[in-house]
Novice: 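There's a structure below that I have some questions on.
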Amino acid sequence: MAHSGSLLWRNLRVYQIYGANTDVGKTIFTTALCNAASKLYSNDLTGYLKPVSTGPGDAADEQSQPHKTIPKDADLLSSIYSHLSDAAGSGTGNPGGWFFIETAGGVHSPGPSGTSQAELYRPLRCPVLLVGDAKLGGISTTISAFESLRLRGYDIEAVLLFEDEQFRNYDYLKSYFEKKHGVRVVSTPAPPLSESQGSQEDTERMARYYKEIVASGRVKSVLEHLDEQHKARVTRLESLSSQGYQRIWWPFTQQKLLSPAKITAIDSASGDFFQTLNTSSPEDLPEHQAKQAPASQKPLLQSSFDGSASWWTQGLGHANSSLTLAAAYAGGRYGHVMFAEAIHEPALALAETLLKGMRDGGNSRLSRVFYSDDGSTGVESALKMGLRAARTRYGWPVDTKLGIIGLEGAYHGDTIGAMDCADPSAYNEKVEWYEGKGVWFKPPSVMCRRGKWTVKIPAGFEGNGLALAGEMEAESLSDVFDFRAREARGEHRVYEAHVERVLKYHLDKGRKFGAIMMEPIILGAGGMVLVDPLFQRALVNVVRRSQHLFSPESVQQPRGETDWTGLPVIFDEVFTGLYRLGRFTASSFLGLDADVSIHAKLLTGGLVPLCATLASESIFQAFVSNDKTDALLHGHSYTAHPVGCQVALESLRQMQTMESSGSWAEFQNGVSGANDACWSIWSSPLVEWLSRHPSVAGVWALGSVMAIHLESPGGSGYTSTAAIALRDALRASNQGPAQNPWNVHSRVLGNVLYLMGGQKTEKDVVLQIERLLRQHLT
């Protein structure tokens, strides 16, 4: 796959000509613009490109097409980018170069592969000149074309129209666009009718026409407007970091250590890539670009692979038009409507889809969906659910201090209640109201080390005369996840004995617990720790069968198989759920059904915030009463906002379709072991190579995620700087075809550099990133 970046240079103004329909005059306006630009800016380049043509062969602009065969979308974009890169390097360096790219037919006329041109050219993100339709019905088609382009993130700099005294579309559209959208509208007289196409008389007649409209000053006014817009765009882009540095308070950032040079300015995003301000100097560029001195000819934008999936939210590609259209539909249908004692179709449909997906994944307990706005507030509502259910069943007074049972190194969010569910760490211990309310087990972890999958068991795992060595080895990750085989060998008994002993110790000291909360499989922000799934199973199984530990007194017993026992089990799947690890629900790896399950991030494909907290009927019944104050008094102004629900429906539809259609087969092929659903987009040879590297303490890969734990002589953890050098090397590198280089934007968690793709990331991109890792890991 070839990846193409956005087209932006300081010395070359590139514009794309779209038409509201076929036969509206795109070529005529483009020709006029080229003529005017060449006269006004005679000391520099004026260029024209029509990558795709429509219509019969004798009417096609074949001479302007760079392709003789039907190309793939990505290859076509790459060819256009390469062509414009060469053009940017061929001028004198004076700020006067122009290039016009003419599309074929209307906005949604298909390209060679059948992709709508509005979709096809989106990654180039050229500013647009929209040629409106002056004919009958042209008002509607022009506005529709404008909206189609805006929905896909295009900047429309002007609308161009022929004047038609019969329909006078110009009068209406000028008022509409300039007053409502602030977009300039320019008209010219219609061209003379052709009497004999291709004749000398026809050619001369059109030459006179072009001379007249250029002399009228109207085309010149368009170029002057475009010149101003281009300069303003470049100025604003280049000042984003410095201006933001003065005004923005960034999350998870020590701003004393920050400078404008360290701030990434993002102009746009498409698919798996950001388009970021290119801050490299000429000597840092690939050879073909370094020759483009002076610096004014350097490309201003650099493609950057979004290696953190934008904090784990992006799965279906940035600027996914299906998600955008879903948001626009719901926004147009509802805007936002309150949700207390109300219902709307997107909220109900999403609840049904989530519950069915969980049932198909093995969880038959969940029956209710509670909406909030993000993962942290979803955790807050889940806590209220679990603690209330335990307190009412066991008859504890309302002022009873209840803690949770969890894992050391967990992270559940940054609101106060969510922070209290985690042990002291860099995230919470300096927060004034933090008060950790729980007991946290240090979990056994899994990594590939020296070519072997290893389960590292912390000290203290002994009991009932049983003990485990510090490490156990497995032939494959699938073997680690084969809990049935491991339980048949009795490996879980030591884990269960350890859990029982620790719980009894704390309960004997008078502590009370109201729920168990875990991130299934992976501790995300806590350091990308892959937890031994057998231990998580053991912890939950002990809690569920040990009601006597939490309330020795006689209490009401559960009524059915789906009722919670012992304590309510809460799974925080904000990060690991919804196909991040290759499955709809991460809990299916454990063979366990949560009583409460929290889902966000990939829920909306990274477009808008939304969280869904799913609960069982027995949890729900704990809040049913004649007293309103017994209700779950938790909510947000934007609870179940229709835009989020509609986007989430589309996001889930796309991912479930990908799963059922085998879209990930190329990554799953070759996976072996009892658990054949344990697969990754990252190749096994890379994981093994990394595991043997002297700078790597261990590595794991599952689903779309890979975490590289680097050796850290000064100590591991969030404050370690061991992974920064590798992160910076990936950002400074250029990968991909010589004419379209791109780098990798990634995040680190102390000594851990993690990378994740989306659910649509192509294998060629993954392999190129893997080559970069091999190149730069030192």
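Numbering starts at 1 and runs along the sequence shown. Values reported hereafter were calculated over all heavy atoms of this structure, with side chains retained and with hydrogens, waters and symmetry mates removed.
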Novice: Short question: side chain of S704, backbone of R580 - any donor-acceptor pair under 3.5 Å?
Specialist: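 Flag set: sc S704 to bb R580 pair under 3.5 Å.
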
Novice: Would you call D202 and R205 a salt bridge, taking side-chain N to carboxylate O under 4.0 Å as the test?
Specialist: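 A salt bridge links D202 with R205.
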
Novice: Hey, can you tell me if H181 and F177 have their rings parallel, tilted or perpendicular (30° and 60° cut-offs)?
Specialist: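 The rings of H181 and F177 sit tilted, inter-plane angle from 30° to 60°.
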
Novice: Could you check if a side-chain atom of L12 sits within less than 4.5 angstrom of a side-chain atom of V14, using non-hydrogen atoms only?
Specialist: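 Yes, their side chains come closer than 4.5 Å.
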
Novice: Can you classify the ring geometry of W679 versus F667 as parallel (below 30°), tilted (30 to 60°) or perpendicular (above 60°)?
Specialist: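 Parallel: the ring planes of W679 and F667 meet at under 30°.
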
Novice: Is there a side-chain contact between E119 and R122 in this structure, where contact means two heavy atoms from C-beta onward sitting under 4.5 Å apart?
Specialist: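 Side chain of E119 against side chain of R122, heavy atoms only: no contact under 4.5 Å found.
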
Novice: Quick one: side chains of residues 206-217, donor-acceptor pairs under 3.5 Å with protein atoms, not counting sequence neighbours, listed by atom name and distance.
Specialist:
from, atom 1, to, atom 2, distance (Å)
Y209, OH, P189, O, 2.6
S216, OG, I213, O, 2.6
S216, OG, R218, N, 3.4

Novice: Please tell me if the side chains of S651 and T604 come closer than 4.5 Å, counting only heavy atoms from C-beta onward.
Specialist: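 Not in contact.
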
Novice: Please check if atom NZ in K220 has more than 12 non-hydrogen atoms from other residues, nucleotides or ligands closer than 6.0 Å.
Specialist: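 Open: at most 12 neighbouring heavy atoms sit under 6.0 Å from NZ of K220.
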
Novice: Name all residues meeting the side chain to side chain donor-acceptor pair (under 3.5 Å) criterion together with T142; count only those two or more places apart in sequence or in a different chain, and write none if there are none.
Specialist: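 Scan of T142 (side chain to side chain donor-acceptor pair (under 3.5 Å), adjacent residues dropped) gives none.
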
Novice: List in chain and number order the residues that pass side chain to side chain contact (heavy atoms under 4.5 Å, CB included) with P127, two or more places apart in sequence or in another chain; answer none if no residue qualifies.
Specialist: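 Applying side chain to side chain contact (heavy atoms under 4.5 Å, CB included) to P127 gives Y15, E157, R233.
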
Novice: Do L226 and L129 have side-chain heavy atoms sitting under 4.5 Å apart?
Specialist: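 Contact flag for L226/L129 side chains = yes.
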
Novice: Do the side chains of E147 and R152 get close enough for a salt bridge, i.e. N-O under 4.0 angstrom?
Specialist: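 No, this pair does not count.
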
Novice: Any side-chain to backbone donor/acceptor pair from Q759 onto Y579? Under 3.5 Å, distance only.
Specialist: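 Yes; judged by distance alone, with no hydrogens or angles, the pair exists.
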
Novice: Can a donor-acceptor pair be found, under 3.5 Å and without considering hydrogens, that links the side chain of N278 to the backbone of L301?
Specialist: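 Flag not set: sc N278 to bb L301 has no pair under 3.5 Å.
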
Novice: Answer yes or no: is there a donor N or O on one side and an acceptor on the other, between the side chain of S82 and the main chain of S79, under 3.5 Å?
Specialist: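 Not a single qualifying donor-acceptor pair exists.
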
Novice: Between N21 and T141, do the side chains contain a donor N or O and an acceptor N or O under 3.5 Å apart?
Specialist: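 Per modelled atom types, T141 and N21 side chains form no pair under 3.5 Å.
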
Novice: Decide yes or no for Y48 and T46: does some side-chain heavy atom of the first lie under 4.5 Å from some side-chain heavy atom of the second?
Specialist: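 Answer no - side chains too far apart.
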
Novice: For the pair K26 (side chain) and G105 (backbone), establish whether a donor and an acceptor sit closer than 3.5 Å, ignoring hydrogens and angles.
Specialist: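 Present.
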
Novice: Quick one: list whatever passes side chain to side chain contact (heavy atoms under 4.5 Å, CB included) with Q654, sequence neighbours left out.
Specialist: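 With sequence neighbours excluded, Q654 shows a side chain to side chain contact (heavy atoms under 4.5 Å, CB included) to L316, N320, S322, L323, E650, K760, given in chain and number order.
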
Novice: Could you work out, with side chain to side chain donor-acceptor pair (under 3.5 Å) as the rule, every residue matching D728, not counting sequence neighbours?
Specialist: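 Scan of D728 (side chain to side chain donor-acceptor pair (under 3.5 Å), adjacent residues dropped) gives none.
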
Novice: Can you check whether F162 and F29 have ring centres sitting under 6.0 Å from each other?
Specialist: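 Ring centroids of F162 and F29 are less than 6.0 Å from each other.
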
Novice: Going by heavy atoms in the side chains, are I708 and V696 under 4.5 Å from each other?
Specialist: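 They are in contact (side-chain heavy atoms under 4.5 Å apart), so the answer is yes.
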
Novice: Does the side chain to side chain contact (heavy atoms under 4.5 Å, CB included) test come out yes or no for I80 and L84, once each step is laid out?
Specialist: CA-CA 6 Å; I80 295 171; L84 269 292; 4.1 Å; yes

Novice: Side chain of S663, backbone of E659: donor and acceptor closer than 3.5 Å?
Specialist: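 Side chain of S663 to backbone of E659, a donor-acceptor pair under 3.5 Å: no, none is there.
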
Novice: For S308 and S746, does a side-chain donor sit closer than 3.5 Å to a side-chain acceptor?
Specialist: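 The criterion, which ignores hydrogens and geometry beyond distance, is not satisfied for S746 and S308.
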
Novice: State, to 0.1 Å, how close G47 and C34 come at their nearest heavy-atom pair, and which atoms those are.
Specialist: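 Residues G47 and C34, closest heavy atoms: O-SG, 4.1 Å.
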
Novice: Given the side-chain rings of F273 and H745, with only the six-membered ring counted for Trp, is the space between their centroids under 6.0 Å?
Specialist: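 No, the ring of F273 stays outside the 6.0 Å limit from the ring of H745, centre to centre.
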
Novice: So F305 and N743, do their side chains get closer than 4.5 Å, heavy atoms only?
Specialist: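 The answer is no, as the side chains (C-beta and beyond) never meet within the 4.5 Å cut-off.
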
Novice: Run the side chain to side chain contact (heavy atoms under 4.5 Å, CB included) test on V705 and I681 for me, step by step, so that the C-alpha distance in whole Å, both residues' side-chain angles and the decisive distance to 0.1 Å come before the verdict.
Specialist: CA-CA 8 Å; V705 189; I681 67 172; over 6 Å; no

Novice: Is S78 reaching over with its side chain to a backbone N or O of A74, donor-acceptor style, under 3.5 angstrom?
Specialist: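 Checking the backbone N and O of A74 against the side chain of S78, no donor-acceptor pair under 3.5 Å is found.
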
Novice: Please report the closest heavy-atom contact between D272 and Q314, naming both atoms and the distance.
Specialist: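 In terms of heavy atoms, the two residues are closest at OD1-NE2, 3.5 Å.
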
Novice: Show your working on side chain to side chain donor-acceptor pair (under 3.5 Å) between T264 and T276 and close with a plain yes or no.
Specialist: CA-CA 7 Å; T264 301; T276 62; over 6 Å; no

Novice: For S6 and Y81, work out which heavy atoms get closest and say how close.
Specialist: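 Nearest heavy atoms, S6 then Y81: O-CE1, 3.5 Å.
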
Novice: Is there side-chain contact between T188 and L160, with heavy atoms separated by less than 4.5 Å?
Specialist: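 Heavy-atom side-chain distance check fails, nothing below 4.5 Å.
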
Novice: What about Y154 and Y18, are their ring centers closer than 6.0 Å?
Specialist: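 That pair passes the under 6.0 Å test.
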
Novice: Look only at the side chain of T115 and the backbone of G111, and say whether a donor-acceptor pair between them is shorter than 3.5 Å.
Specialist: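 Pair absent, no side-chain N/O of T115 close to backbone of G111.
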
Novice: Of all heavy-atom pairs between T22 and G106, which one has the smallest distance, and what is that distance?
Specialist: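 That would be CG2-N, 4.1 Å.
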
Novice: Just do the side chain to side chain contact (heavy atoms under 4.5 Å, CB included) check on L777 and L710 with the steps written out, would you?
Specialist: CA-CA 10 Å; L777 188 61; L710 296 167; 3.9 Å; yes

Novice: Take V699 and E688, measure what side chain to side chain contact (heavy atoms under 4.5 Å, CB included) needs, and give me the verdict at the end.
Specialist: CA-CA 8 Å; V699 60; E688 180 169 348; over 6 Å; no

Novice: For a quick test of reading the model, state the closest non-hydrogen atom pair linking G5 to S303 and the distance between them.
Specialist: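 Closest heavy-atom pair between G5 and S303: CA-OG, 3.2 Å.
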
Novice: For W250, enumerate each residue passing the ring-ring contact (aromatic ring centres under 6.0 Å, His included) test, keeping only those at least two apart in sequence or located in another chain.
Specialist: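 W250: no ring-ring contact (aromatic ring centres under 6.0 Å, His included) contacts found.
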
Novice: Is the terminal nitrogen or CZ of R774 (NZ for Lys, CZ for Arg) located under 6.0 angstrom from the six-membered ring centre of W689 and within 45° of that ring's axis?
Specialist: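 Checked: cation-pi criterion met.
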
Novice: Going by atom types only, do T103 and Q16 share a side-chain donor-acceptor pair under 3.5 Å?
Specialist: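 On atom types as modelled, these side chains do not qualify, holding no pair under 3.5 Å.
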
Novice: Quick one about S270 and Q275 (side-chain donor to acceptor, distance below 3.5 Å, no hydrogens or angles considered), yes or no?
Specialist: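 Side chains of Q275 and S270: no pair found under 3.5 Å.
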
Novice: Could you tell me whether a side-chain N or O of R747 sits under 3.5 Å from a main-chain N or O of W311, the two making a donor and an acceptor?
Specialist: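 No; judged by distance alone, with no hydrogens or angles, the pair does not exist.
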
Novice: Is a side-chain N or O of R10 found less than 3.5 angstrom from the main chain of P299, in a donor-acceptor match?
Specialist: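 No, the answer is negative, given that no donor and acceptor are paired below the 3.5 Å cut-off.
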
